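One structure below.
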Amino acid sequence: MPDLELEFALALARAARELGVEEDLPAAVEPSALETAGDLSSPIAFRLAKVLRRPPASIAEELARRLEPPRHTAEVTVTGGGYVNLRIEMATYASEVVASALGWGEVVAERHDPGPKVVVEHTATNPNKAAHVGHLRNACIGDTVARLLRSQGQRVEVQNYIDDTGVQVADVLVGIRELGLSPADGEPFDRFCSRCYVEVFRRYEAEPRLLELRRDTLRQIEGRRGEVARAAKELTSQIVDAHLRTMARAGVGYDLLTWESDILELGFLGRALDLMEEMGVTVRVSSGALAGCLVLPMTEGETDPETGEAKVLIKSDGLATYTAKDIAYHLWKFGLLGLDFRYHPWAPGGPATSSAQAGDDDLDPTSFGRAGRVVNVIDQRQSAPQKVVREALRRLGHEPQADQLFHLAYEVVALSPRAAAALGVETEPGRTMYALSGRHGIEVGADDLLDAAVRLVRPKARDQRTAEVLAASAVRYYLLRFGLNSIINFDFDEALRTSGDTGVYLQYAHARACGILRRVEPVEADPGPFRLAPEGRRLVKQIAAFPRAAAEAAGSLSPSSLAGYTFELATAFNDYYEHTDRLYRVEDPSLRAQGRQLVDALRATLARSLQLLGLEPLERI
RNA sequence: GCCCCCAUAGCUCAGUGGAUAGAGCGCCGGCCUCCGGAGCCGGGUGCGCAGGUUCGAGUCCUGCUGGGGGUACCA
């Protein structure tokens, strides 16, 4: 399909060169803010005014005169004291747009170069309790980012890091093994663990001596051998299964599960520490507050942690911090460690998993890791440790990799006062948000939210499966439509709304298009030049904008921008639908063929857009 | 203390230096349903404050105010 924005921009740049402009000014072109002015507009004359020392209006006039208009140009005008505008010849342009839309493939980008492999890490929910809505936001963002990158032809491997040797696992084990807590009848295991986690923290506060049990348990988990370590593996495996089921409900999947315990077991951490010692980037502290710790000084070349800040990698009790393991993990991600996991399928039809043991069903180790670029979807609160990981890579001499390590930071999900009150939190006047807290049981379970959404839409859905897809669409779209820098002030009514800017609205628009296509037989007649009312023109332009919208969302790793595009696409269609004649009543074969093709093009574009957002397009509701 | 993020309509949020700052929700009124209203149309003197840069600032810079987060031998 012709990228008119690009072609117009290039034509303007050529015309500018004829005017004697040497430097490559970005010839900005965007959809016209004023529909009366045209379809595309450029303020380039304003920028040239300075260089050419002439009024913008006269430059714009000359640009317009010299411009070699791209195909499908109806007219070029100058307005507003210097804007150069292009009006599109819709009669021919619409045919091309429609044809392209019916041919959208897996890869949406026109020109693409697969480039280096991208590893996207997301979810990484502690495997000791049920996933809550904050974890679900992470997973939806990460999953959509992976889909967006793939839509641009990039090779992507999605990893879910399982932090199975952390202290949170020890907490739940204390509850089960030491306090004798057990699931109630019919209580899902992950939910039981959430409850257990809360209970254990209550007991810690009442009986601080229980913290001894926690330390012991953690030490035994880290020891990798013995009954407690086996119990930990059993517990975390069950929770991981629960998380995979929860995330699958929202359309989220993974290529590989990477287990922290394997990083320890296979000597990744040891190798990483050796490398850092060889390069002289770590320091063993002998005195002061950090005595006995192995640290990474935060100022390069600083060897005295007393005088500067330092990140502890190995604690004085000999146990590694999370950041130390993360450094080892990232060396592996980039293929810089010289070690590999073993790999085998986690479950039939599921992702692969790392493993410390060889097995009959081992997968090709060279097909995992070895990234040229890494995107970590981790909430904004972990920015500091993410910087440490990048800095460690840099100091180890891996500057290019450090530059290709992106922390995709996003803000957390908090509770609106209404939601907090609904969960039994004591609210205070004037306070607008309340943090989630797994250890205090203040949270919205991901499954609970999805269940609530299913109950809500079930009465109007044709069957249970449709209701589940609709529910997932509502929840997933809600979590994606906010910019990453926005804290989601979670509200049940907002999350479960089905009208307006929602996933359900998008699904309804798609189903409506499918309904029309079922009702109106394909027309054999040649549609000929398109005759379109304003609503039809807007719809064609919005369809044509899809590749650019996907590319921009992928380039800026911004699911919310694609969500915005998709909503506008659905809105353009509903507007068109309301303001054109019922297609089945249209007698003119050419108009009927045009109408059907346009609806079909919309259907294809909306479907592809929904897929990128991770919503399964519904043909009927 | 230092670092990061946020502040736009009653509420929740878009807005990539460009024309008259937009959506959704809620409220009022109307239309109607090729999918069964989860739809469409109309109703709007809002960019926290003060400077600065620019032909042009919601957008960039500085300061301030208010809110959130980080600054662990937690993750």
Side-chain angles (χ1 to χ4, degrees), chain A residues 28 30 32-34 37 41-44 46-47 49-50 55-56 79-83 124 126 163 166-168 285 289-295 309 311-323 325-326 378-385 387 409 411-412 414 416 431-433 435 457 460 462 470 474 481-489 491 493-494 497-509 511-520 535 552 555-556 558 560-561 563-564 567-568 570-571 573-586 595 599 620-621:
Chain A
E30 48 196 39
S32 305
L34 273 60
S41 297
S42 172
I44 186 173
F46 294 103
R47 296 177 200 185
K50 190 169 215 168
T79 56
Y83 287 92
N126 277 324
D163 181 9
V167 70
Q168 302 82 356
V285 183
L290 300 179
C293 298
L294 183 73
V295 306
E309 286 184 38
K311 177 63 201 174
V312 172
L313 299 182
I314 302 293
K315 301 183 269 182
S316 57
D317 63 5
L319 295 180
T321 60
Y322 175 85
T323 302
K325 302 171 204 175
D326 216 21
I378 304 176
D379 79 59
Q380 166 273 121
R381 294 173 300 187
Q382 293 190 51
S383 296
K387 261 191 200 130
E411 274 291 354
V412 295
S416 70
R431 196 166 154 195
T432 58
M433 67 176 78
V457 300
K460 287 188 176 178
R462 63 196 306 116
L470 270 181
R481 51 176 266 244
F482 297 90
L484 300 182
N485 280 338
S486 236
I487 297 175
I488 295 184
N489 224 241
D491 187 86
D493 292 346
E494 269 294 301
R497 204 155 45 76
T498 59
S499 67
D501 187 4
T502 67
V504 174
Y505 174 94
L506 302 182
Q507 288 285 14
Y508 199 85
R512 166 172 284 154
C514 291
I516 295 171
L517 295 171
R518 277 192 300 271
R519 168 100 197 228
V520 180
E535 294 82 7
E552 283 177 2
S556 55
S558 172
S560 65
S561 86
F567 176 59
E568 281 170 21
T571 300
F573 172 61
N574 277 332
D575 189 18
Y576 168 82
Y577 165 85
E578 289 293 337
H579 296 103
T580 48
D581 295 330
R582 311 274 158 277
L583 196 50
Y584 64 88
R585 288 188 201 145
V586 172
V599 172
R620 294 168 197 263
I621 291 172

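Being a predicted model, the structure only gives us computed values, none of them experimental. Below, read A as the first sequence line, B as the second, and so on, with proteins coming before strands; counting in each chain starts at 1. Note that these values count all heavy atoms, side chains included, but never hydrogens, waters or copies made by symmetry.
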Sugar-phosphate, base or nothing in reach of [X], heavy atoms under 4.0 Å:
{"X": "A:Val504", "answer": "base"}
{"X": "A:Arg381", "answer": "sugar-phosphate"}
{"X": "A:Leu319", "answer": "nothing"}
{"X": "A:Asn489", "answer": "sugar-phosphate"}
{"X": "A:Phe567", "answer": "sugar-phosphate"}
{"X": "A:Thr321", "answer": "sugar-phosphate"}
{"X": "A:Pro385", "answer": "base"}
{"X": "A:Gln168", "answer": "sugar-phosphate"}

Side-chain N,O ([X]) to OP1/OP2 ([N]) below 4.0 Å:
{"X": "A:Ser499", "N": "B:C25", "value": "yes"}
{"X": "A:Lys50", "N": "B:U54", "value": "no"}
{"X": "A:Asn485", "N": "B:C6", "value": "yes"}
{"X": "A:Tyr505", "N": "B:C40", "value": "yes"}
{"X": "A:Thr571", "N": "B:G39", "value": "no"}

Got a salt bridge between A:Arg381 and A:Glu411, using NZ or NE/NH1/NH2 to carboxylate O under 4.0 Å?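 No salt bridge links A:Arg381 with A:Glu411.
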
For nucleotides B:G58 and B:G37, find the distance between their P atoms and express it as a whole number of Å.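 Going atom to atom, P in each nucleotide, I get 45 Å.
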
Quick one: the side chain of [X] and the base of [N], do they pair up donor-acceptor inside 3.5 Å?
{"X": "A:Arg47", "N": "B:G18", "result": "yes"}
{"X": "A:Glu568", "N": "B:G22", "result": "no"}
{"X": "A:Ser41", "N": "B:A19", "result": "yes"}
{"X": "A:Thr79", "N": "B:A19", "result": "yes"}

Nearest whole Å is fine: how far is [N] [atom2] from [X] [atom1]?
{"X": "A:Lys387", "N": "B:A72", "atom1": "NZ", "atom2": "P", "answer": "14 Å"}
{"X": "A:Glu494", "N": "B:C13", "atom1": "CD", "atom2": "C1'", "answer": "9 Å"}
{"X": "A:Phe482", "N": "B:U12", "atom1": "CZ", "atom2": "C1'", "answer": "6 Å"}

Aromatic stack A:Tyr83/B:A19: centroid gap under 5.5 Å, interplanar angle under 30°: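 Stacking between A:Tyr83 and B:A19: present.
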
Can you sort out the partners of A:Tyr505 under ring pair (Phe, Tyr, Trp, His ring centres under 6.0 Å), two or more places apart, ordered by chain and number?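 Result, ring pair (Phe, Tyr, Trp, His ring centres under 6.0 Å) vs A:Tyr505: A:Phe567.
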
Please convert RNA chain B into dot-bracket. A pair counts if it is Watson-Crick or G-U wobble with both distances under 3.5 Å; crossing pairs go in [ ] and bases paired with another strand get |. (((((((..((((....[...)))).(((((.......)))))....(((((..]....))))))))))))....

Need to verify one output field. Residue with the more 5' nearest nucleotide on RNA chain B, A:Val520 or A:Ala291?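 With A:Val520 and A:Ala291 compared, the 5'-side residue is A:Val520.
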
Does A:Tyr508 or A:Ile487 map to a spot on RNA chain B nearer the 5' end, using the closest nucleotide for each?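 Nearest nucleotide further toward 5': that of A:Ile487.
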
